[in-house]
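Numbered from 1 within each chain, the chains take letters A, B, ... in sequence-line order. All values below come from the heavy atoms of this structure, side chains included, with hydrogens, waters and symmetry mates left out. All figures in this text were calculated on a predicted structure; none of them were measured in a lab.
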Amino acid sequence: MKLWLQLAAQSAWARRGPLSLVVAAISVAVFLVLAIAQLRQDARDSFADAVSGVDLIVGARASPTELLLYSVFHLGRPVRSMAYEHVEAIAKLESVAWAVPVQLGDSYRGYPVVGTSPLFFEKTGGPGGLAFASGKAFSDVFDAVLGADLAKRFSLNTGDSLVLTHGKGEGLAQDHSDRPFTVSGVLQKTGTPADNAVFISLAGFEAIHIGWEFGSKPRESVVAQLSAEDLQALTPSQVTAVLVGLQSRIQVFSARRAIEGLAGGRLMAILPGVTLDELWQLMRTIENTLSLMAWLVAVSALLGVAATLLIALGARRKELAIFRALGARPSQLSLFVVFESVLVCLAGLVLGWLLLQLAVLGAGDWVRNSFGVMVSPRLPDAQGWAAMLGLLFMSVLASVVPAWRAFRLSVHDGLHPPTV
Amino acid sequence: MKPAVLTAGVAEPVIRLDGLRFAWPGQKVLLAIDDFVVAQGSTVLLQGASGSGKTTLLSLIVGVLSAQQGSVHVLGQNLSQMRPAQRDVFRGESIGVIFQLFNLLPFLSVRDNVLLPVRMFARRRLQIKDTDAQRREASRLVTALGLSDAVLDRQAHQLSVGQQQRVAAARALIGSPPLIVADEPTSALDEDTQSNFLALLIAQVRATGATLLMVSHDSRLAGQFDQVIRL
């Protein structure tokens, strides 16, 4: 066995020129199969991390998926706001442990600005909350906390000041330059949307919008005329959503009923885990289609392996005869061909995996910014290993016909193949 | 009671064919040999016209083909009663084979080609157990066959045809198999190289006490053999 494996490796190495093209074809297939598996898993992990610790998300009645995507992941189109009085009512419910409002709409150089309460940093981002890499949560009205990636991207540190943009910053530039914010803290990296957001207090969010009731910059800044006490006392009239943690998860359905009853049916409370599952259900067709295409590429690459081996055999009948003369059995020559196919596939697997890691290193930021999914180089997970094993098995299948032909040829030719 | 030394002295022939009949499927009988014996330690030249079945006979003797009738005894083994896989092992362990052309595996170095029988069969490494001894033996054989041992590190396809034939002879001889079978090993060589190659091959065969059965259509070579058999 070992001898034939060595010989197959030496034979494949001697024909590395033509075989490298086959290896390249396989590596593309491996790249696709693994990339889809990894993106799928990373998407699930990132999204699940982002809502970990949150039992309910409350917003104005709309599509649950849209509410989840917009309020937590800052993706998709804005949802309708809910009245701030309901936030206070929710927080007073007996089953509710904490309620953190979030207000969205503004941006900083294209990245979302989240108006919220300091509780946000304690309660979201999993057990222990969001940790600070430097500084602390906002205390002043015009303090801002930055996500790790955003701070790094724009080289901002604690103490720096920044000017937010009204809306998403599209069309005419309408900035809040009359009232810049000061960075009070920078968060540690989490792999969630928090890495790419600016967090300010609800009072701050409200303050920069005084006089903006008609959607455009007031001619005279009103903010500048307000005293510190006035500013601290500002409360918003509306928020985008409320993240809710319950005293006990067992109460989730009764809490949901209680919340949805507060505003005469205008509110909706969603279970983030359930909504994410619904989202993945929607995505399944796309995932399956992508997977199918990746596997079809794999099949065509392995058909290439089979064709290459088969074509090569015609010219290698003399080699088979030499092996026969040396005492090799036809079945060993079949094994030799199978080993060569498996080795070529193994090379393709390793190369495909390496390509994926390079792509992840190179395009990871883009994927994170575009889709909110944190990807990182790593070994394949169980699903990835299963896919690779599947490909290896397919490479054995691909070699069945060439191996059978090697067997037939070596029996038929004996020591005397037709002169090559 | 017969003294043991006498029975040992009556050497069993290395090759013995009895009532052999062979035909390719759907064709008339190609080989009909009632009695064919090659004595141990002899060098035998097998001659015959094209199509007389010389090559087929070699395939029967090395166990790649099997006869429809009669028996083929080689080195005391009845090949007719062995399964194909057993005959393959028997060939690898006990017979060195040299072809007319294309003897070497192009993807291996010359040394790997020479040592391949040693790697494949334990019996071929009985006297050269460790790697060093094997490398020394490969070096000794190629030198004895008139090559510089620097060729061992080259790739097989870089050698001339004459060099390749010598390497093939070294591979057939390594591990001292008792029988060497050669099918027109000199016909691709020019006249000077031919007799030189043959002399060196026969010298090595004799040195190990092996038996050489060689097929050639060239009757000028007959003088160098103990026995000439015409088919």
State, yes or no, whether a side-chain contact exists between L32(A) and M293(A) at a heavy-atom distance under 4.5 Å.
no
Looking only at side chains, do N78(B) and S71(B) share a donor and an acceptor under 3.5 Å apart?
no
With chain A as the partner, which of D183(B), V64(B), V97(B), L105(B) has the greatest number of non-hydrogen pairs under 4.5 Å?
L105(B)
Counting heavy-atom pairs closer than 4.5 Å to chain A, which one of A172(B), G92(B), G96(B), S59(B) comes out on top?
G92(B)
Look at L116(B), V181(B), V62(B), L101(B) and state which one has the largest set of heavy-atom pairs under 4.5 Å with chain A.
L116(B)
Criterion side-chain contact (heavy atoms from CB on, under 4.5 Å) against V23(A), the qualifying member of V350(A), V344(A), V305(A):
V344(A)
Which atoms of F121(B) approach chain A - backbone, side chain, both or neither, heavy atom under 4.5 Å
side chain
So which of P84(B), P106(B), G63(B) has the largest heavy-atom pair count under 4.5 angstrom toward chain A?
P106(B)
Is there side-chain contact between M120(B) and W4(A), with at least one heavy-atom pair below 4.5 Å?
yes
If you look at every heavy atom in P380(A) and W353(A), which pair is closest and at what distance?
CD-NE1, 3.4 Å
Given that the side chain runs from C-beta out, which part of W13(A) has a heavy atom under 4.5 Å from chain B: side chain, backbone, both or neither?
neither
Using non-hydrogen atoms only, which part of A12(A) is less than 4.5 Å away from chain B: side chain, backbone, both, or neither?
neither
If we define contacts as heavy-atom pairs under 4.5 Å, which of F90(B), F99(B), F107(B) has the most with chain A?
F107(B)
If you count heavy-atom pairs under 4.5 Å between each of S331(A), P330(A), A328(A) and chain B, which one has the most?
A328(A)
Per-residue contact mode, L58(B) against chain A (heavy atom under 4.5 angstrom):
neither
Under 4.5 Å to a heavy atom of chain A? For R87(B) that would be neither
Quick check: do W295(A) and V33(A) have side-chain heavy atoms less than 4.5 Å from each other?
yes
With a 4.5 angstrom heavy-atom cut-off, is it the side chain or the backbone of Q332(A) that approaches chain B, or both, or neither?
neither
Could you tell me whether the side chains of R316(A) and S11(A) share a donor-acceptor contact shorter than 3.5 Å?
yes
What is the distance from atom CZ of R91(B) to atom CG of L179(B), rounded to the nearest 0.5 Å?
12.0 Å
